[in-house]
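Structure record follows, encoded as structure tokens.
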Number of protein chains: 6
Amino acid sequence: MQRPSGRTPEQLRDISITRNFTCHAEGSVLVSFGKTKVICTASVEEGVPRFLRGKGSGWVTAEYGMLPRSTGSRMGREASRGKQGGRTVEIQRLIGRSLRAAVDLKKLGENTINIDCDVIQADGGTRTASITGALVALVDAINYLQRKKIINTDPLLEMMASVSVGIYQGVPVLDLDYPEDSAADTDMNVIMGESGGFIEVQGTAEGATFARDELDAMLDLASAGILELIEKQKAALAEG
Amino acid sequence: MQRPSGRTPEQLRDISITRNFTCHAEGSVLVSFGKTKVICTASVEEGVPRFLRGKGSGWVTAEYGMLPRSTGSRMGREASRGKQGGRTVEIQRLIGRSLRAAVDLKKLGENTINIDCDVIQADGGTRTASITGALVALVDAINYLQRKKIINTDPLLEMMASVSVGIYQGVPVLDLDYPEDSAADTDMNVIMGESGGFIEVQGTAEGATFARDELDAMLDLASAGILELIEKQKAALAEG
Amino acid sequence: MQRPSGRTPEQLRDISITRNFTCHAEGSVLVSFGKTKVICTASVEEGVPRFLRGKGSGWVTAEYGMLPRSTGSRMGREASRGKQGGRTVEIQRLIGRSLRAAVDLKKLGENTINIDCDVIQADGGTRTASITGALVALVDAINYLQRKKIINTDPLLEMMASVSVGIYQGVPVLDLDYPEDSAADTDMNVIMGESGGFIEVQGTAEGATFARDELDAMLDLASAGILELIEKQKAALAEG
Amino acid sequence: MQRPSGRTPEQLRDISITRNFTCHAEGSVLVSFGKTKVICTASVEEGVPRFLRGKGSGWVTAEYGMLPRSTGSRMGREASRGKQGGRTVEIQRLIGRSLRAAVDLKKLGENTINIDCDVIQADGGTRTASITGALVALVDAINYLQRKKIINTDPLLEMMASVSVGIYQGVPVLDLDYPEDSAADTDMNVIMGESGGFIEVQGTAEGATFARDELDAMLDLASAGILELIEKQKAALAEG
Amino acid sequence: MQRPSGRTPEQLRDISITRNFTCHAEGSVLVSFGKTKVICTASVEEGVPRFLRGKGSGWVTAEYGMLPRSTGSRMGREASRGKQGGRTVEIQRLIGRSLRAAVDLKKLGENTINIDCDVIQADGGTRTASITGALVALVDAINYLQRKKIINTDPLLEMMASVSVGIYQGVPVLDLDYPEDSAADTDMNVIMGESGGFIEVQGTAEGATFARDELDAMLDLASAGILELIEKQKAALAEG
Amino acid sequence: MQRPSGRTPEQLRDISITRNFTCHAEGSVLVSFGKTKVICTASVEEGVPRFLRGKGSGWVTAEYGMLPRSTGSRMGREASRGKQGGRTVEIQRLIGRSLRAAVDLKKLGENTINIDCDVIQADGGTRTASITGALVALVDAINYLQRKKIINTDPLLEMMASVSVGIYQGVPVLDLDYPEDSAADTDMNVIMGESGGFIEVQGTAEGATFARDELDAMLDLASAGILELIEKQKAALAEG
């Protein structure tokens, strides 16, 4: 088995995480997993949604979008079609849920952090790149809240990141790019904290079902890959 | 640990699967997982969506809804709010994807089977009950296609079913009802074929992350539960 | 003239009214007019719509829907099309208006009763079955309000029910089923209180106009039919 | 009993019917029932909706709207709110259904006549004024089709018109204006052909139910009023 | 060069401005620029939009619509299509912006004036006719506010009006009708105050770009035409 | 008068135009006018919209969007609100219209070029930056069509660009940034071809009207600025 990119099965793509990519947001990150590039911003807003008001808890939520020509052929713009597609909704719910799992919402006070993940170039794995980049933007927003003395403690429970794994030509591989993703038998997205606990595991059979030992092999790959990604997040956060 | 329902950790709720529940659909099933009740219909339609036309393949798709007062407090009707909520979209995509994984679409010819899962009473696990009931309705629709000589071979790859598992008060338990679901630390939905291969695994941390050995214990519970559910599907299909 | 069902012109279909059909709603009724089956729930909610606030009056409103495969061929799901069709809107306005005419809203206090009528199987006369079943659900919700001491008096003005009448092959007939309905020259829906006063009369020519004496004959049939239906409502309410 | 307008119970408001009110439509009528003023246009279009294609039949349909400030206080514009309200939908369905009952659609050929009724000033009875004016616009559109030799026979079955009746302070009265309408116990809209056959009868109790003899009295008033309106339609059509 | 209408290049169409055209609005004007006819109403409402609350300022806003058959071929009704088209949105923003420029919003108090411009017959120049008519309706609404002692000073900064100019067959011409508009190389809409200051200038090349001297010639024509229109507004306001 | 940025009145911001910014589109440009940054892509698609089919003409159209946090405070995402705002619609119509004016659509053949302008960071002048960048992306798409031998001639009529001008503290200034824009008395956007002909001129009074000599001064500034921008476009196109 030869991966289209020439990578070994357990090899991530080139990862880059650029902070302060745009100037207005409290956290603004450009994350690249190879050719997949996502702008992740974190926007701090006073107050919380109605269902949380007066409960002394904060909120973290996420929205996801793709620029119409981030993909090989142009997709219709969701804003002009008048609704977000099912895939978009599914992904932004996943991002929001995962980030909330990394945060002690009580420690946020009655503040909301809105995460926006906008894909400017897609080559597979946009949701895992989004989560990985969004966590860094979230940390920057938390730092902002502390710097401004809006909160006094650190609501981050632990670092976390996300990666995809799959069975490509019978072999478990890490961090699928688009050519692999579209040919893979199984596609799994894993979100895991630094301590090794899982936040979300989503495995989907594409064409053939996957066996328990394949699941195990994929989780091993993902765990190692996520720890590597967390190192890269930390390196980015250590800069400037 | 005592389950609110008094069940043992590996015990399903009372399951019932009633075929021919309504009279118009090619497949019509009322499925109950305890107090959770879902009407699953399968509607046969000639032709396929535009993206499949002329490719000699069929299609299976699903929609999901909840009656406004299937729940403890009334939810707004999605038809009158003018859009399906994110949870609905996520669930109906899962149902459709899972059922397609159980079918050889080529053998369906250029026909579409539309699955509708409408929850009339909810008590946790509506998506897993929907999938389990929908598979039976799908088999009835396939039987209809064969009886009408529209197709000559059996497109069903294997029987499959779905169940939820979770960590409730530190203990892995099978088939969570609503009181367990709302208090559980982890919620996992598993869809598996009769041969033991996984079709979809979705585990989500709620409050605390879950460890690899918890994941393993949950998968063991789910695998056994799903084989039990498949027996019940077969018994229902053997009647009348 | 022979009715497709073999009924006499003044004969209702088999009517059944099952209370407590689902477990969450304050009133929950499964009503059957022959093969037409509708789930009618009544949900109590504190407060009233904005236009009534502070006026010391309650509110009763209704929504109507059909499961996509309640009919001979599958209809698109209104929630996924993003709007309710004109027929749905027309029917739910009729249901709400009729039920409000049966209730002294002042005696409800500032509470709202939301009626949901969801057709699970359709064979003509879904709106009249809905109203007839909804009244029973409404009474159960009123009983709930009294039992909970939220209100002290009975806001129900009188029992009421609804039935369709039409001219089928030149003969006025009661309670049309779908084969009659689709072939009838005139279709009339009548909603009447127990005291014999009309709440709503809607007669529509289909193909040919209808004369005054035909109108009279249809109203006679409807009045007798509605009194019969009210007996059945009372019998259902007398149980358990 | 004194009517607010000083009219006798069986007296119509001042009725005027102006043809060729705007210059582009095949039929364009300004109809006034007292201060209620509606622009009714009939637009001819080649072809029919999909469900009628190839069946050799034409189609007549209607849309209804109110200018935002046609009423005492400004209503939100439906186009900017993004949907037509329930009342609008109900009325335009009634207009379309009624006009189709006056036409032999087979004789229209595969042509569609779109009726637009736009209320520019409202003072009660906008739906009955709309139908009465629309019939005249429809006749002008039919004349256009004949003049252009698109059709050779007259598809109009008979003249028809519409008026409201009600019980105001216990007395049946004809053609309610807004002050009467908002205080009436019963509101009935009647659509009748020149031959005396009913096309649609819609009576609604407002506050109190209505008895059979009240219904009879209202129908008598309406029948006479509609014959008067048809005379006015004919007079307008006889001009120019 | 011969204009289709026979007018000279600097000649307006026949202009008429009828006040009190409908009876409910605080300002109601029918404005005609030749065959282009627009109903402009001004509706006074207590309060201002959320973003202005508590700032002691009023608001003026506008909506625009065309009756479906105001044009040569019927356009779909925006209310039933569920959204306003881009052209509509662009025009109503222009109308609102222009009128606000003519008013000292501080002097309006916390009141809103809603302008509705509804085209009942279109023959080119509907936006400029709308603005010209709307200003008169706005003045009537301001007079109403003063008469009712809701405001004590005059918030109108100066009279203003609007006209289109263009290059038709190489010649700058004033107030294009539809035949000219659809053949013109350049189309410019100018909104100007009585004192000669510009409020908005929008020139668009259609087919060929326009040179600086053409722009100058068009502005000269427009300035003269607008002063003429303001005379007509004043004459209308001087009546009754 | 001192500009907030320290620029002279006739000085552009730092302009940069980066081609091939993303990898999938036929033309992909990142354009910066100071801190305003827009991704402009041009996507080639076979075929034309319905209204042009069979007429031997191509089409150029544009859509515009802003990332939610491209601005100082986060704006709601249009895709999740379900509609594009009025400002968005107005801008994307302007972009499309301007680009079409620069192209001989006949020479495009029956092909469509979709322009997407997505603002990733906003600091005033996003529409003029969008047009200026989009023209470069459009040229790259045209080059693609020629390289692929889909078209044989060059449909570009001439280079064009766009810039804003305004009256800031009484002085006409070029290329307003956000601090100037929000304080300016007049805001004008000018789109001009290399030959000096105007494609679109849109001047809007903000607070005070603008006089003819101010208009002249602004046009002088804009004309010079646009010629400078066209030099920068050419330089970018000369690379690689």
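Within every chain, numbering begins at 1; the chains are lettered A, B, ... in the order of the sequence lines, protein sequences first and strands thereafter. These figures come from a predicted structure and were not determined experimentally.
Of the residues considered (S223(D), A205(D), G203(D)), G203(D) shows the highest number of contacts with chain C, using heavy-atom pairs under 4.5 Å. Chosen from E200(C), E90(C), R93(C), Q84(C), the residue pairing most often with chain D at heavy-atom distances under 4.5 Å is R93(C). Between chain C and the residues M188(D), R87(D), R100(D), K83(D), the most heavy-atom pairs under 4.5 angstrom are made by R87(D).
Residue I191(C): no heavy atom, backbone or side chain, is found under 4.5 Å from chain D. Within the 4.5 angstrom heavy-atom criterion, atoms from both the backbone and the side chain of L219(D) approach chain C. If you measure heavy-atom distances from D104(D) to chain C, you find no contacts under 4.5 Å at all. Residue N189(C): no heavy atom, backbone or side chain, is found under 4.5 Å from chain D. With a threshold of 4.5 angstrom between heavy atoms, D187(C) does not approach chain D through any atom at all.
In this structure, T132(D) contributes its side chain and S162(D) its backbone to a donor-acceptor pair below 3.5 Å.
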As a quick check of understanding, evaluate side-chain hydrogen bond (donor to acceptor under 3.5 Å, both in side chains) for S57(C) and E110(C), giving each step before the final call. CA-CA 5 Å; S57(C) 171; E110(C) 292 219 346; over 6 Å; no
Could you walk me through whether S195(C) and E158(C) satisfy the side-chain hydrogen bond (donor to acceptor under 3.5 Å, both in side chains) test, starting with their C-alpha distance in whole Å, then the side-chain angles of each, then the deciding distance to 0.1 Å, before giving a yes or no? CA-CA 8 Å; S195(C) 62; E158(C) 63 173 330; 2.9 Å; yes
Residue pair Y168(D), T186(D): steps toward the side-chain hydrogen bond (donor to acceptor under 3.5 Å, both in side chains) verdict: CA-CA 8 Å; Y168(D) 178 73; T186(D) 303; over 6 Å; no
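No side-chain heavy atom of E206(D) sits less than 4.5 Å from a side-chain heavy atom of D185(D).
In terms of heavy atoms, P155(C) sits closest to L108(C) at CG-CD2, 4.0 Å.
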